Amino acid sequence: MSFEKNVYAVSLQHEIAMKVESENPFEAMMARFKVASDILELDSGMFEFLSTPARVHITAVPVVMDSGELKVFEGIRVIHSDTMGPGKGGIRFAPDVHVDEVKALAAWMTWKCAVVSVPFGGAKGGVRCDPSKMSPGELERLTRRYTANLIDVFGPDRDIPAPDMNTNEQIMAWIVDTYSMHMRRTETAVVTGKPIVLGGSQGRVEATGRGVMTCTLAGMEKLGLRPNQATVAIQGFGNVGSVTAKLLQMQGCKIVAVSDVSGGYYNENGLDIEAMIAYSKNNRNSLAGYPEATSIDNETLLTLDVDILVPAAKENQITVPVAEKVKAKIIVEGANGPTVAHADKILHDKGIMVIPDILANAGGVTVSYFEWVQDRQGYFWSKERVNRRLDRKMEEAFHDVYQTASKYDISLRIGAYVMAIDKVARALRLRGIYA
Ligand code: NAD
C-alpha cells in the first residue's frame, strides 16, 4: 500500500470512528486536520492545543428596534489561535450563526493565514440575526453594541475583524468609528475590508478572485496546460466568481459556463464575461434571462467536460456523486469548503488536481494584511503595487504547498494543512507554554 493510500485509510478510519458528517464544516475541517497531524506525527498534547480555540466570547447584544421593542441577539467572537499574531477573520450576520461553526471557521483562518505566511492567527465572529429583516439603523445599533461589548477583544494588535456573510464596508466603518470613540483616537487598523476613503486598500475587492486566478495559472503550468487552450466552468458569479471569470478570460482562457442562484449559463464558444457582469449589475445581481447562453443546471456545470472547474459559490457542492462525475483536470476552490471530505479521495484517485480553499481563496486575507500594513504605516500603495505583491505571495504559497505535497506524496489539500500546521506548531514550540 502506498503512503498516500495509508494516509487516506487513516482519514477514513478516523471519519468512521467519529461518525463524521461531511456536511458539517467543523468535522470536515477536523477530518483533514487529523490526517495532516498524523503525517506530522504531532503528539496528542500539541494536537489538542491546535484544535482547541484559544478564546471564545459570547455576548448578549441588546438593540432597541425601530418599533421601540427591545431585542437581544447573540454575538460571538472566537479567537482560535494567536500564536502567529493577532486574530484575523470575518464577522457574519446570519440567522444560523452558531458557536460550533464559528469555532471551525476560526480554525480555518489560522491555517489559511499560515498558508500565505501573513503574521496573523485565526478568528471568526458573528451575530445571530436576520439582517434582511433589519433596517440600516437597527444594523448600525447592532454593530456598534457588538463592537462595544468586544472592545477589549478587538484591536490592531489583538484581533482584526473583516466582512463576511451579510456584512460589508459600511459595517466595518461603524466598527472603526465605535472602536475609535472608545480609544479616543481614530484607529483604522482595527478592521480590514473598509471603504478606501477610510483606510481601505486598493485591490481589496478583486483580491480573492485575483488569487484564484494566480493559483489557477500556477496549477495549469504544472500540468502543461496553456491558458489559451483551456476551458473553464465557474460556479457562482458574485465577488469571487465574477472577478475570477474576468481575470481568467483576460489571461486567454475560454470561460464556457458560469452560474448563480438563477441557474447555469453555457456557451461552447466562450461567454462574454464583461457583458455578463454588466447584465448582472443591471439585473439586481442576477444572470436570469441572459440571452447569449444555453441554460444548464447546477450539477451539469460541475460535471462539464472542461479543463478547469472553479466552485465559487458556497460549501458542500462537490459531493461524492458529483465528484464521481467531475471531468475537469483542475478544481480551484474559490469558495470555502466546496468539496465534502468524503469526496477528497475520489478526486485524488481520478488524478484531479484540487487547489484547496485555504490556498486558492487566500488572496482576500492577503490583501487584508496589506490593508492593515498600510493603515499602520499611514502610507498607501497603488493598485499596481498591491496586485504585484499579492501575485508574488500567492505564487510563493502555491509553490510551498506544491513542494510540501510532493515531499510527502500527498494531495495539495493535505499538503496545505501539513504546511500550515507545521508552521504554527514550530512557532508554538519556540514560544513554549507559559506557566
Ligand atoms: P457573493 O455573495 O458575492 O456571491 C455568491 C454567488 O454564488 C452569487 O452569484 C450567488 O448567486 C451564487 N450562488 C449561490 N448559491 C448558488 C448555487 N446553488 N449555485 C450556483 N450559484 C450559487 O459571495 P462571494 O464573496 O463571491 O463568496 C463566494 C464564496 O467564496 C463563499 O464560499 C465565500 O465564503 C468564499 N470566499 C469569499 C471571499 C471574498 O473575499 N469575497 C474570500 C474568501 C472566500
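Everything quoted here is computed from the prediction, not taken from an experiment. Whatever order the structure lists them in is the order used to number ligands and atoms, beginning at 1.
Using a 4.0 Å heavy-atom criterion, the residues that approach ligand 1 are R204, T208, Q235, G236, F237, G238, N239, V240, S259, D260, V261, N298, A312, A313, K314, G334, A335, N336, N361.
Atom OG of S135 is separated from atom CG of L142 by 10.5 Å, given to the nearest 0.5 angstrom.
For the residue pair E292 and N267, no side-chain donor N or O sits within less than 3.5 Å of a side-chain acceptor on the partner. A donor-acceptor contact under 3.5 angstrom links the side chains of K88 and T192, judged on distance only. Looking only at atom types and distance, the side chain of T110 has a donor-acceptor partner in the side chain of H80 under 3.5 Å away. Of the N and O atoms on the side chains of N228 and K254, not one donor lies less than 3.5 Å from an acceptor on the other residue.
A cation-pi contact links K222 to Y402, judged by a cut-off of 6.0 Å to the six-membered ring centre and 45° from its axis.
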